[in-house]
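Following: one structure in structure tokens, then a few remarks.
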Amino acid sequence: MSKVLVLKSSILGDNSVSNDLVDQFVAQLNDGNDGIEVSIRDLSLNPVPPLDQEKLTALMTDAAQRDARQQALVDYADRLITELQEADLLVIGAPMYNFTIPAGLKSWLDHVARAGVTFRYTENGAQGLLRNKQVVVVTSMGGHHLPGESDHLRPYLKTMLNFLGLEQISFVAAAGLNLGDGPRQQALQQAQQRLQEVVRQVAAALPGSDRERVAA
């Protein structure tokens, strides 16, 4: 059984292009591929609270010294990490908001990036501990943006995911969605074509026998 963790981070719900493309990806991945279990975590409907002093203190407190509140905070973060550790494929829906990722996705990343668990520091620098996982990032943009210039979303996610040890990353982007009907339709067609390519690549690496969809 291959496990797929899907993260949606758009605040637009049913009107979200990134959510729609993610749903298309999952549907195509399931089509003809048995043995795939999909867990969906919508970071807009069920937001991960921002990392703050209370949560950081709980994480830094020895387990034997934590009070009930602190342990509950750690348990919550542990569940997010376990979901990620158990996944064979991570699918991230990440619309561009103000040139970067949504706040909800940033909060999730802040919770799953934990020294000694998902990465570690060595004398040669940081080393990611999440291995042998594929990642698909589906993003939508109102305009056209170049990575490293006005697009800080893709470079940031690549850096952050690589930091955790996730290096097999495929990007699907629908850009220019707010530039008129023509450019919008062209962007969606190009994104769907790219989506099909990525589905084929990912499916080839995932064994299948049964289908199961689990809503997180």
Show every donor-acceptor pair shorter than 3.5 Å between a side-chain atom in residues 139-155 and any protein atom, with sequence neighbours excluded, or say none if there are none.
residue: T139; atom: OG1; partner: A94; partner atom: O; Å: 2.6
residue: H145; atom: ND1; partner: S150; partner atom: OG; Å: 2.8
residue: D151; atom: OD1; partner: L153; partner atom: N; Å: 2.9
residue: D151; atom: OD1; partner: R154; partner atom: N; Å: 3.2
residue: D151; atom: OD2; partner: R154; partner atom: NE; Å: 2.5
residue: D151; atom: OD2; partner: R154; partner atom: NH2; Å: 2.9
residue: H152; atom: NE2; partner: E149; partner atom: O; Å: 3.1
residue: R154; atom: NH2; partner: H145; partner atom: O; Å: 3.2

Inset, instruction - Step by step, work out the side-chain contact (heavy atoms from CB on, under 4.5 Å) result for V26 and V4. - result: CA-CA 9 Å; V26 172; V4 180; 5.6 Å; no
Legend entry - Working for side-chain contact (heavy atoms from CB on, under 4.5 Å), residues D31 and V199: CA-CA 10 Å; D31 186 17; V199 168; over 6 Å; no
Inset, instruction - Show your working on side-chain contact (heavy atoms from CB on, under 4.5 Å) between D14 and N19 and close with a plain yes or no. - result: CA-CA 7 Å; D14 293 339; N19 282 355; over 6 Å; no
Legend entry - Residues D20, Q24; criterion side-chain hydrogen bond (donor to acceptor under 3.5 Å, both in side chains); working and verdict: CA-CA 6 Å; D20 183 57; Q24 290 183 44; 2.9 Å; yes
Inset, instruction - With side-chain contact (heavy atoms from CB on, under 4.5 Å) as the test, would you mind laying out the steps for R41 and L80 before giving the verdict? - result: CA-CA 10 Å; R41 181 174 287 278; L80 298 179; 3.6 Å; yes
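Residues L206 and L89 have side chains in contact (heavy-atom distance under 4.5 Å, counting atoms from C-beta outward). Residues L90 and L84 meet the side-chain proximity criterion, which asks for heavy atoms closer than 4.5 Å. Side-chain atoms of L161 and V137, non-hydrogen and from C-beta on, do get closer than 4.5 Å to each other. For the pair Y156 and L109, the minimum side-chain heavy-atom distance is below 4.5 Å. In this structure the side chain of R66 never reaches within 4.5 angstrom of the side chain of L73, judged on heavy atoms. For the pair V6/D23, no side-chain contact is recorded, criterion being any heavy-atom separation below 4.5 Å from C-beta on. The side-chain heavy atoms of P95 and S9, taken from C-beta on, include a pair separated by under 4.5 Å. Side-chain contact between S170 and R194: present, with at least one pair of heavy atoms (C-beta onward) separated by less than 4.5 Å.
Note that CD of E37 and NZ of K3 are 5.0 Å apart. Values are rounded to the nearest 0.5 Å. Remark: L5 CG to Q85 CD distance equals 11.5 Å, nearest 0.5 Å. If you take CH2 on W108 and CD1 on I81, they are separated by 9.5 Å, rounding to the nearest 0.5 Å. With rounding to the nearest 0.5 Å, the separation of CD in Q186 from CG in L177 is 11.5 Å. From E54, atom CD reaches atom CG of L59 across 10.5 Å, with rounding to the nearest 0.5 Å.
Formation of a donor-acceptor pair under 3.5 Å by the N162 side chain with backbone atoms of L166 is found in this model. No donor-acceptor pair under 3.5 Å is formed between the side chain of T118 and the backbone N or O of L164. Remark: the backbone N or O of L12 is not paired with any side-chain donor or acceptor of S16 at under 3.5 angstrom. At least one donor-acceptor pair under 3.5 Å links the side chain of Q70 to the backbone N or O of D67.
Summarising the geometry of S107 relative to P50, their closest heavy-atom pair is OG-CA, 3.5 Å, with the distance given to 0.1 Å. Heavy-atom minimum distance, L29 versus V202: CD1-CG1, 4.1 Å. Shortest non-hydrogen contact noted between P49 and H111 is O-CE1, 2.8 Å. Smallest separation of non-hydrogen atoms from L195 and L21: CD2-O, 3.5 Å.
Inspection of the Q71 and D75 side chains reveals an N or O donor paired with an N or O acceptor under 3.5 Å.
No more than 12 heavy atoms of other residues, nucleotides or ligands lie within 6.0 Å of CG in N132, so this atom counts as exposed by the packing criterion. By the 6.0 Å contact criterion, OH on Y76 is enclosed, its count of non-hydrogen atoms from other residues, nucleotides or ligands being greater than 12. The number of heavy-atom neighbours closer than 6.0 Å to CZ of R69, taken from other residues, nucleotides and ligands shown, is 12 or below.
Between D52 and K55 there is a salt bridge, with a side-chain nitrogen of the basic residue lying less than 4.0 Å from a carboxylate oxygen of the acidic one. Under a 4.0 Å N-O distance rule, the pair D78/R114 qualifies as a salt bridge.
With V172 as reference, V198 is the one residue of V22, V198, V91 to meet the side chain to side chain contact (heavy atoms under 4.5 Å, CB included) rule.
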